[in-house]
Amino acid sequence: MLRHIPLGGMYNLRDLGGYPVTGGGETAWERMLRGDNPEHLTEEDIQWLLERDITTVVDLRSEAEVGHKPDQLSRVQGFSYLNCPLLETDRMPNLENDVGAGYFRVLEGRRRMVKALRAVAAAPGGVLFHCTAGKDRTGLMAALLLGLAGVGREEILADYQVSETYLADVICQIKTKVPDLSAFAGASKAEYLNDCLKLVETKYGSIHGYIQAIGLTEEELIALRRKLLPADVTGGGRSLG
């Protein structure tokens with residue numbers, strides 16, 4: 001199984017399978033993919049997704065971002081595409097010491113988060129969720145889903161942190177065009193997400209507590225966990241991670 005999946009022009013597409021969960025076992029492969037905006041996909045790439053029943057696409061970008069660069073899969077037969085913006089714009093925190101708090105403010109946009117999580121829960125098969133680069137908004141969604149499945153904090157932070165590796169070349173290219181780009185653009189330091197998760201823990205007790213508080217039903221939480229866990233894995237799901 002591949003963690004990092006090279007499809008088309010996507011540079012940060014990854015599988016959430018293979019992470020150990022509380023109580024034993026691991027998250028299921030080829031059920032939940034996190035990534036950047038799908039583009040330059042070949043027919044073979046598209047068939048790879050269809051063969052694995054990964055046919056629901058949840059786009060976390062703003063309407064303006066979608067209008068500027070549409071998701072390629074939104075126009076491909078066989079895929080169900082849903083735009084669930086987590087922000088009104090593409091603006092994320094622009095001060096390094098504010099990243100964690102900025103992430104938490106995104107989570108406090110409860111109506112938006114509920115819509116995105118419900119789209120994942122209601123998907124008939126596998127899901128690909130993404131933003132533009134697959135780091136910030138996508139990283140938050142991945143953290144919630146992994147935490148709900150019972151994946152530990154260390155693995156959640158590691159999953160977030162590796163985005164920096166796959167974004168490195170792209171950020172270098174952008175910096176040649178935007179010389180005053182902030183020094184930490186493209187960075188995914190573990191402390192950014194960890195600061196956010198600490199705020200979640202302080203206010204809601206756990207990721208499970210947060211997802212309940214924003215309005216998802218117990219049935220929807222169970223549906224989310226079933227998407228992430230093999231049928232024989234019953235442990236985890238309530239720890240913050």
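It should be emphasised that the depicted structure is a prediction, and the values quoted were computed from it without experimental measurement.
Put simply, the side chain of Lys227 gets close to the backbone of Gly125: a donor and an acceptor are under 3.5 Å apart. In terms of modelled atom types and a separation under 3.5 Å, the side chain of Arg61 and the main chain of Lys69 share a donor-acceptor contact. Although no hydrogens or angles enter the test, the distance criterion places a donor-acceptor pair under 3.5 Å between the side chain of Gln72 and the main chain of Leu41. Listed for the Arg31 side chain is a donor-acceptor partner under 3.5 Å among the backbone atoms of Leu229. The closest donor-acceptor contact from the side chain of Asn12 to the backbone of Ala133 lies under 3.5 Å. Between the side chain of Glu51 and the backbone N or O of Trp48, no donor-acceptor pair lies under 3.5 Å.
Residues Met141 and Leu117 are in side-chain contact: their nearest non-hydrogen atoms beyond the backbone lie under 4.5 Å apart. Using a 4.5 Å cut-off on side-chain heavy atoms (C-beta onward), Leu49 and Leu33 make contact. At least one side-chain heavy atom of Gln212 sits under 4.5 Å from a side-chain heavy atom of Leu221. When side chains are defined from C-beta on, Leu216 does not count as touching Tyr210, because their heavy atoms never get closer than 4.5 Å. By the 4.5 Å heavy-atom criterion applied to side chains, Arg112 and Pro85 are counted as neighbours. Contact annotation: the side chain of Leu86 approaches that of Met113 to within less than 4.5 Å [non-hydrogen atoms, C-beta and beyond]. Using a 4.5 Å heavy-atom cutoff, the side chains of Arg105 and Asp98 are in contact. At least one side-chain heavy atom of Ile207 sits less than 4.5 Å from a side-chain heavy atom of Leu197.
In this structure, Leu224 CG and His208 NE2 are separated by 10.0 Å, a value rounded to the nearest 0.5 Å. For the atom pair Glu65 CD and Cys131 SG, the distance stands at 8.0 Å (nearest 0.5 Å). Expressed to the nearest 0.5 Å, how far CD1 of Ile211 lies from CG of Leu148 amounts to 4.5 Å. Here the NZ-CG distance, from Lys203 to Leu107, works out to 10.5 Å after rounding to the nearest 0.5 Å. Taking OG from Ser163 and OH from Tyr11, the interatomic distance works out to 10.0 Å, rounded to the nearest 0.5 Å. Summarising the geometry, atom CG belonging to Leu60 is positioned 10.5 Å from atom CZ belonging to Arg34; distances are rounded to the nearest 0.5 Å.
Under a cut-off of 6.0 angstrom, the local environment of NE2 in His68 is sparse, with at most 12 non-hydrogen atoms contributed by other residues, nucleotides or ligands.
When every heavy atom of Ile46 is checked against every heavy atom of Phe79, the shortest pair comes out as CG2-CE1, 3.6 Å. Nearest heavy-atom pair, Cys196 versus Leu140, reported as atom, atom and distance to 0.1 Å: SG-CD2, 4.0 Å. Closest of all the heavy-atom pairs between Val151 and Glu155 is CG1-CB, 3.5 Å. Counting all heavy atoms, side chain and backbone alike, Thr138 lies closest to Gly35 at OG1-O, 3.5 Å. Residues Ala187 and Glu164 approach most closely at CA-OE1, 3.5 Å, considering heavy atoms.
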| request: Apply side-chain contact (heavy atoms from CB on, under 4.5 Å) to the pair Leu16 and Asp159, showing each step before the final yes or no. | output: CA-CA 8 Å; Leu16 291 187; Asp159 179 76; 3.7 Å; yes
| task | Dump the intermediate steps for side-chain contact (heavy atoms from CB on, under 4.5 Å) on Phe129 and Thr56, then the final yes or no. | result | CA-CA 8 Å; Phe129 61 94; Thr56 295; over 6 Å; no
| request: Evaluate the criterion side-chain contact (heavy atoms from CB on, under 4.5 Å) for residue pair Arg3 and Tyr19; output intermediate values, then yes/no. | output: CA-CA 10 Å; Arg3 169 79 64 214; Tyr19 285 116; 3.6 Å; yes
| field | Criterion side-chain contact (heavy atoms from CB on, under 4.5 Å) on Leu82 and Val57, from CA distance to verdict | value | CA-CA 6 Å; Leu82 302 98; Val57 180; over 6 Å; no
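Using modelled atom types and a 3.5 Å distance limit, the side chains of Asn37 and Thr132 yield no donor-acceptor pair. Using modelled atom types, one finds a donor on one side chain and an acceptor on the other under 3.5 Å when comparing Asn194 with Arg153.
Every side-chain contact (heavy atoms from CB on, under 4.5 Å) that Ile222 has, sequence neighbours left out, goes to Glu218, Arg226.
Judged by the 6.0 Å and 45° rule, Arg137 forms no cation-pi pair with Tyr103.
Ring orientation note: the planes of Tyr192 and Tyr160 are nearly perpendicular, at an angle over 60° on the 30°/60° scale.
Under a hydrophobic clustering in which Ile, Leu, Val, Met, Phe, Trp and Tyr are joined whenever their side-chain heavy atoms come within less than 4.5 Å, directly or via other members, Val162 and Leu128 fall into different clusters.
For the side chain to side chain contact (heavy atoms under 4.5 Å, CB included) with His130, the lone residue among Asp59, Asp36, Val58, Leu13 that qualifies is Asp59.
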